[in-house]
Amino acid sequence: MRKDITIVAEPRSSRGKNEARRLRVAGQAPGVLYGAGGESVPVAIVPKEINKILHSNTGHNTIFTLSVTGGETVPVMVVDWLNDPIKDNLLHVDLKRIDLTLRLRVKVPVHTSGEPKGVKLQGGLHELITREVEIECLPDDIPEQFILDATELSIGENLRASQIPMTGSMKLLSNPEAVISHVVSMKAEEVVAPDAVAAAPAAAEPEVAKKGKKEEEAAPADDKKKKK
């Protein structure tokens with residue numbers, strides 16, 4: 001989804017770990033701009049601005065404008081990023097130029113709305129199985145999310161990817177038979193009554209123990225033969 005957001009980036013003349021550390025100390029993060037037939041351009045960006053986009057409703061599907069100081073101004077998307085595993089700081093970001101006239105493959109979140117009849121009236125359990133689907137569409141047609149109405153689902157019924165409405169230039173790429181959500185019956189846990197445990201027959205004596213017993217009983221007979 002295209003948003004009216006512009007982020008300014010500074011071109012970088014050098015690369016490497018030392019350069020990355022210097023940028024982070026200065027409150028920036030290294031990144032790379034590429035794609036759409038253009039050259040790869042190393043840039044420095046403000047992590048806070050990228051994090052705002054990644055944590056927005058449209059997340060990494062957001063198309064925004066990147067303005068490189070002294071260079072190009074183009075629509076881009078965040079295609080990859082790296083965070084510090086401990087501090088969760090943005091360490092690096094890959095930005096791809098977007099040609100607004102070409103179709104893109106993107107993954108879009110899927111949600112359901114309403115309480116299914118199978119839950120409300122039949123005491124079933126509603127489970128969300130697939131949380132996102134892949135589609136192909138023009139950049140301006142990328143949806144924020146898909147929402148399917150689950151209110152008519154009874155126990156044993158489901159919603160499938162084929163039921164997601166495709167509008168404009170959208171085309172479903174995920175398996176149309178993929179189950180988005182379903183309603184299943186609640187299975188009560190089997191509880192063994194104390195009386196049943198008491199009435200259960202005693203466990204059979206282990207085979208090894210039985211064998212040992214027979215050998216002990218046969219031993220005296222063998223001794224008598226030896227004395228004769």
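For this chain, numbers begin at 1 and follow the sequence in order. Just so you know, these numbers use all the heavy atoms, side chains as well, and skip hydrogens, waters and symmetry mates. On a predicted model such as this, the values are computed, not experimentally measured, just so you know.
Each salt bridge (Lys or Arg N to Asp or Glu O under 4.0 Å) pair with one or both residues in residues 160-183, not counting sequence neighbours, appears once here: Arg160-Glu177.
Contact annotation: the side chain of Leu148 never approaches that of Ser181 to less than 4.5 Å [non-hydrogen atoms, C-beta and beyond]. Side-chain contact check for Leu173 versus Arg105: some heavy-atom pair is nearer than 4.5 Å. Residues Glu49 and Phe64 are not in side-chain contact: their nearest non-hydrogen atoms beyond the backbone lie 4.5 Å or more apart. The shortest side-chain heavy-atom distance between Gln163 and Phe146 does not fall under the 4.5 Å cut-off. For the pair Val68/Leu66, a side-chain contact is recorded, criterion being any heavy-atom separation below 4.5 Å from C-beta on. Looking at Thr69 and Pro11, their side chains come closer than 4.5 Å, going by heavy atoms from C-beta outward.
Val46 and Leu23 are not part of a single hydrophobic cluster, where members link through side-chain heavy atoms under 4.5 Å apart. Under the 4.5 Å side-chain heavy-atom criterion for Ile, Leu, Val, Met, Phe, Trp and Tyr, Val108 and Leu159 are members of the same hydrophobic cluster. Side-chain heavy atoms closer than 4.5 Å link hydrophobic residues (I, L, V, M, F, W, Y) into clusters, and following such links, even through other members, never connects Met170 to Met1. Clustering ILVMFWY residues whenever any of their side-chain heavy atoms sit less than 4.5 angstrom apart, transitively, puts Leu90 in a cluster other than the one holding Val8. Cluster membership check: Ile98 shares its hydrophobic cluster with Ile135, using side-chain heavy-atom separations under 4.5 Å among Ile, Leu, Val, Met, Phe, Trp and Tyr.
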Evaluation steps, side chain to side chain contact (heavy atoms under 4.5 Å, CB included), between Arg2 and Leu100: CA-CA 10 Å; Arg2 185 152 56 140; Leu100 299 176; 3.2 Å; yes

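Of all non-hydrogen atoms in Val179 and Ile129, the two that sit nearest each other are O-CB, 3.5 Å. The shortest non-hydrogen separation linking Pro47 to Gly27 is CD-O, 3.3 Å. Here the shortest heavy-atom pairing between Lys87 and Asp84 reads N-OD1, 2.9 Å. Across all non-hydrogen atoms, the minimal contact from Val183 to His126 is CG2-CD2, 4.1 Å. Of all heavy-atom pairs spanning Gly114 and Ala150, the tightest one is O-CB, 4.4 Å. Residues Leu153 and Pro116 share a closest heavy-atom pair of O-CB, 3.6 Å.
Of the possible donor and acceptor atoms, one in the side chain of Ser169 sits under 3.5 Å from a partner among the backbone N and O of Leu138. Proximity of a side-chain donor or acceptor of Asn61 to a complementary backbone N or O of Lys107 within less than 3.5 Å is detected. Side-chain atoms of Gln122 come within 3.5 Å of backbone N or O of Ile155 as a donor-acceptor pair. Remark: side-chain polar atoms of Arg12 are not paired, donor with acceptor, to backbone N or O of Val32 under 3.5 angstrom. No side-chain donor-acceptor contact under 3.5 Å links Thr58 to the backbone of Glu144. A donor-acceptor pair under 3.5 Å links the side-chain atoms of Ser174 to the main chain of Glu134, judged by distance alone.
For the atom pair CD of Gln145 and CD of Glu132, the computed distance is 13.0 Å after rounding to the nearest 0.5 Å. Considering CZ of Arg131 and CD1 of Ile180, their distance stands at 11.0 Å, rounded to 0.5 Å. Atom CD1 of Ile5 and atom CD1 of Ile53 lie 5.0 Å apart (nearest 0.5 Å). Distance CD1/Ile164 to OG1/Thr130: 8.5 Å, rounded to 0.5 Å. The distance from the CD1 atom of Ile7 to the NZ atom of Lys48 is 12.0 Å, given to the nearest 0.5 Å. In this structure, CG in Asn83 is found 8.0 Å from CG in Leu54, a value given to the nearest 0.5 Å.
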List the atom pairs, donor and acceptor, that lie under 3.5 Å between side-chain atoms in residues 71-81 and the rest of the protein, sequence neighbours left out.
{"unit_1": "Glu72", "atom_1": "OE1", "unit_2": "Arg97", "atom_2": "NE", "d": "3.0"}
{"unit_1": "Glu72", "atom_1": "OE2", "unit_2": "Arg97", "atom_2": "NH2", "d": "2.9"}
{"unit_1": "Thr73", "atom_1": "OG1", "unit_2": "Ser67", "atom_2": "OG", "d": "3.3"}

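Using a 4.0 Å cut-off between a side-chain N of Lys or Arg and a carboxylate O of Asp or Glu, Lys120 and Glu115 do not qualify as a salt bridge.
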